[in-house]
Each structure stands twice: as structure tokens, then as C-alpha cells.
Amino acid sequence: MEIPGQLLALPFQALEFKVCRLRPSARSLVCGEHWSGEASRRFAALVSGRALLVKVFSVVHSVLHVDLYLSSGLQDFVNIRDVLIEEGHAELAEECYESRQSHEALKGLFSKSEHVTDMSVPSPTKDSEKHLIRVLLDSFSSNKLGPPNHKAVLHGPFNPYELKCHSLTRISKFRRVWIEKESINSVAISDSPEDLHQRVLVAASLSVNATGSTMLLRETSLLPHIPGLPALLSMLFAPVMELRVDQEGKSYTGVLCGLGWNPTTGAPILPEHDMELAFDVQFSVEDVVEINILRAAINKLVCDGPNGARHLGPERVAQLQDSVRQKLLGLFCQLKPRARTVPKWPDKPYEWNQVDPKLVMEQAEREGGCGKSTFLYQLHRLIVLSS
């Protein structure tokens, strides 16, 4: 309904708050929304009808970014952000550039207010606190802030908020990527440009122009912003992969995915379609083991399903599918997010067989595949890390 004009003339009567340094966890994002229903219900249960204390961090587009506290006793307060992170609904995040700028401006404002108070006639501590509160209320009054503004005009043709896409395969690495104009992702915007984690855009249809310089993508989907997702998907479904390790051999730095190489000649089998990725989060031996467990489970489903060798019943197939689904979600949605790391590219990108054979551990297929030597996915070779 349209708001009557006399009501629009009134000053804005409410302030909007946003919990600062907080972003949805992978467990929340995989549900399809920015925040899952479970996370929203938990937040509502924590704050609805309760007296809350906020500590202002910044003001961005008339929205106050705050630390939110809930009283748990006479003098004890619980940080709502810590509760959501501890329960796996959210992750700690960095504030955007505008918010950090506003934070520094607020610190300067209140340092000046304290200085003015100290230079005046000495007053009790309570009077000093009241003065700061008055300054705060005057600065953040609803009349001055106005209604929250969630729209921002971005000027082209290039803008730092716009996502730039590039191909992962070697043959298309330097080709330009254009997304069909009718696609919802034709102009993909990042609402958190301070987060430098890689993202995944997949396309159902791809074509190349006559000169081979540009790829046109159709029917695209921008996958959830989960740190490490590009590497996880690549390792899960690549026919063959080779992990990269740092010089000390203590951590994985990246992965080469493709069809592998010819053991006799040492040449890559299909080099044009190999993919080289540098990790921006830390992966462990346990992650690779979980990926192999998932690949073995998929092999079992393909071999023992309705069209497989053993023709399992629909109930058993449904159980196996649910087991694979839970393992997959467990790999993406760890309770403790993977630690960030600075991407390190190898000295010899796109070259196979760069690992000392003494550090390679072969993984045997437990179920034997669909037969003695037939299976969909071979298990990846583990690279043993030094302690």
C-alpha cells in the first residue's frame, strides 16, 4: 500500500542496526538463502523481546554497524556474534572499506569530545559519560540519519564491485569471458569486495567467437560464496589431480587437475584442459581422505545402483545417496572454517609429476569398483606432509 503523504513528511522514527564483522557460514549458505531459516530463527530467539546493548562500530548508508550484547546477569553480557559463530550459523568477517573509514571517523569524533570535556571545568565521571552519550545521540539521531539507504549507484564501464570472470582451463586462461545479456549474472556484483576468496560461476552453454578470443556463457549460476569451494569442487570431480606442496613440505598450496600424464613419456594426456588452482584456504590430509571417501561412495552408487552390476533396491540406493549427500555437506560446512592463506603459485604451473615419489601414498579402492578394474572415479594419491 502507498504510504500517505502526511506520514512521509514525518521524520524517520527508527534506526536500523547490523551486527558488524559477521557473515553467514557455509552451513547457512548451502540452504539457498543468504541466511538459513535455522540461523534466522536462532537470531530471533536471542533478541526478540529482550533488552539489548549495542556498541557502535560505524555508520554506513544510514545503517549502524554494531556489536550486539545480551545481558546474562547483573554485570555479564554475551556477544550475539560469538553465539552465532560458536553454533555454526555464522563466521567472523572483515568490515567493508566504508565501514572501516566510518569507524576511524567516529574514533576521531569521540576523542575530540573527550578532549573538550577534559579541558573544561573538572566534572565527575558520570557527567563525562552523559556528555559522550549526548554527543552519540545527537550524531545518530533518526532525524539526521534518515531512512536506511540500501541502493548505491555504480558507475561503469568498470567498477571494483563488479565480478570479473576467467576460465580455469589452460586453453581458455587468457580468453575474455562475456555473459549473455539476458542472464541474471550478466552484471555480477560483489557485496563484499574486501573478501578476496575465489568464487565459482558455472555455465550450461558455452560458445567461442570466430577468432577464439572471447567465450560467451549462457544459463549461468553463481555458486554460494564459500571459501575454498572452487578447489573442493575441482578435487571432488577431477579424473586425476596432483597436489602442490610448499618448499618445506608442511602444507598444500594448490592442485593441478586433469587427465594426468603418460608414465612412459611423461607428457600430459590432455594439457589444454588441465586446471591449475592455488589454494586461498588451508586444506589438510583429512580433507583429501574425505574427498576419496566421497569418490568411493559415488563409485559404489554407480556400480550397485538400479543400472549397476548388483541392482540394489530403491531403499538401499536412497540410503547411499543420503549418505553421500551428508558427507558432501560435511566437507563444505565445517563447524570451524578453514584458515585463510595467501595463494602461492607453483614454479612450474601445469606440469605433472612434480612430487617426490617417496611422499606419495596410493589409495586402494575398498570395494573393488564395479568389477576388478572398472570404476567411475579413481582415488587420489595422498601427498604425505612433514610435521
Side-chain angles (χ1 to χ4, degrees), residues 16 18-26 28-36 39-40 58-63 65 90-91 93-102 146-234 273 275-281 332 340 343:
E16 181 174 345
K18 176 182 177 181
V19 180
C20 66
R21 290 174 288 187
L22 191 73
R23 55 158 283 164
S25 65
S28 188
L29 289 170
V30 295
C31 295
E33 301 290 340
H34 190 64
W35 289 99
S36 66
S40 299
S58 63
V59 184
V60 180
H61 301 301
S62 300
V63 178
H65 293 219
E91 298 175 2
E94 184 180 355
E95 282 291 285
C96 65
Y97 177 71
E98 288 178 301
S99 178
R100 296 198 302 271
Q101 269 194 324
S102 172
N149 180 14
H150 295 287
K151 293 184 179 180
V153 178
L154 302 182
H155 298 281
F158 305 107
N159 194 282
Y161 283 91
E162 184 180 358
L163 290 176
K164 296 295 182 183
C165 300
H166 62 88
S167 174
L168 288 176
T169 57
R170 187 177 189 178
I171 192 173
S172 304
K173 186 177 180 182
F174 297 107
R175 286 174 174 164
R176 296 181 64 186
V177 176
W178 284 98
I179 301 174
E180 188 181 35
K181 289 184 178 180
E182 287 74 18
S183 171
I184 192 173
N185 295 312
S186 59
V187 180
I189 300 296
S190 171
D191 57 358
S192 54
E194 68 280 354
D195 191 343
L196 301 179
H197 285 300
Q198 301 165 356
R199 299 191 66 175
V200 183
L201 179 81
V202 294
S205 173
L206 183 149
S207 57
V208 183
N209 65 350
T211 61
S213 62
T214 303
M215 298 188 301
L216 177 64
L217 310 183
R218 297 183 178 89
E219 301 175 61
T220 59
S221 295
L222 185 63
L223 299 192
H225 197 178
I226 298 175
L229 185 62
L232 281 173
L233 291 176
S234 301
H273 293 275
M275 299 191 309
E276 182 85 54
L277 292 94
F279 294 156
D280 56 8
V281 295
F332 293 153
R340 299 185 180 188

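In this chain, numbering begins with 1 at the start of the sequence shown.
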Under the salt bridge (charged side-chain N to carboxylate O under 4.0 Å, His left out) test, residues paired with [X] that sit two or more places apart:
| X | result |
| --- | --- |
| R176 | none |
| R170 | none |
| R340 | none |
| E94 | R100 |

Is the shortest side-chain heavy-atom distance between [X] and [Y] below 4.5 Å?
| X | Y | result |
| --- | --- | --- |
| M275 | L277 | yes |
| L163 | L222 | yes |
| L233 | L223 | yes |
| L217 | L201 | yes |
| L229 | H197 | no |
| R175 | V208 | yes |

Any donor and acceptor pair, going by atom type alone, linking the side chain of [X] with main-chain N or O of [Y] inside 3.5 Å?
| X | Y | result |
| --- | --- | --- |
| S172 | T169 | no |
| S40 | S36 | yes |
| D280 | P227 | no |

Criterion side-chain contact (heavy atoms from CB on, under 4.5 Å) on S207 and M215, from CA distance to verdict: CA-CA 6 Å; S207 57; M215 298 188 301; over 6 Å; no
Compare every heavy atom of [Y] with every heavy atom of [X], then report the nearest pair and how far apart it is.
| X | Y | result |
| --- | --- | --- |
| V177 | H166 | CG2-CA, 3.9 Å |
| V281 | G228 | CG2-CA, 3.6 Å |
| C165 | I179 | SG-CD1, 4.3 Å |
| F332 | L232 | CD2-CD1, 3.5 Å |

Quick one: side chain to side chain contact (heavy atoms under 4.5 Å, CB included) partners of [X], sequence neighbours excluded?
| X | answer |
| --- | --- |
| P24 | S28, L29, H34, W35 |
| K164 | F158, E162 |
| V187 | I189 |

Partners passing side chain to side chain donor-acceptor pair (under 3.5 Å) against [X] (at least two apart in sequence or in another chain):
| X | result |
| --- | --- |
| S99 | S58, E95 |
| S213 | N209, T211 |
| S190 | none |
| S221 | none |

Salt bridge (Lys or Arg N to Asp or Glu O under 4.0 Å): pairs with one or both residues in residues 209-221, sequence neighbours excluded: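 Only E180-R218 qualify under salt bridge (Lys or Arg N to Asp or Glu O under 4.0 Å).
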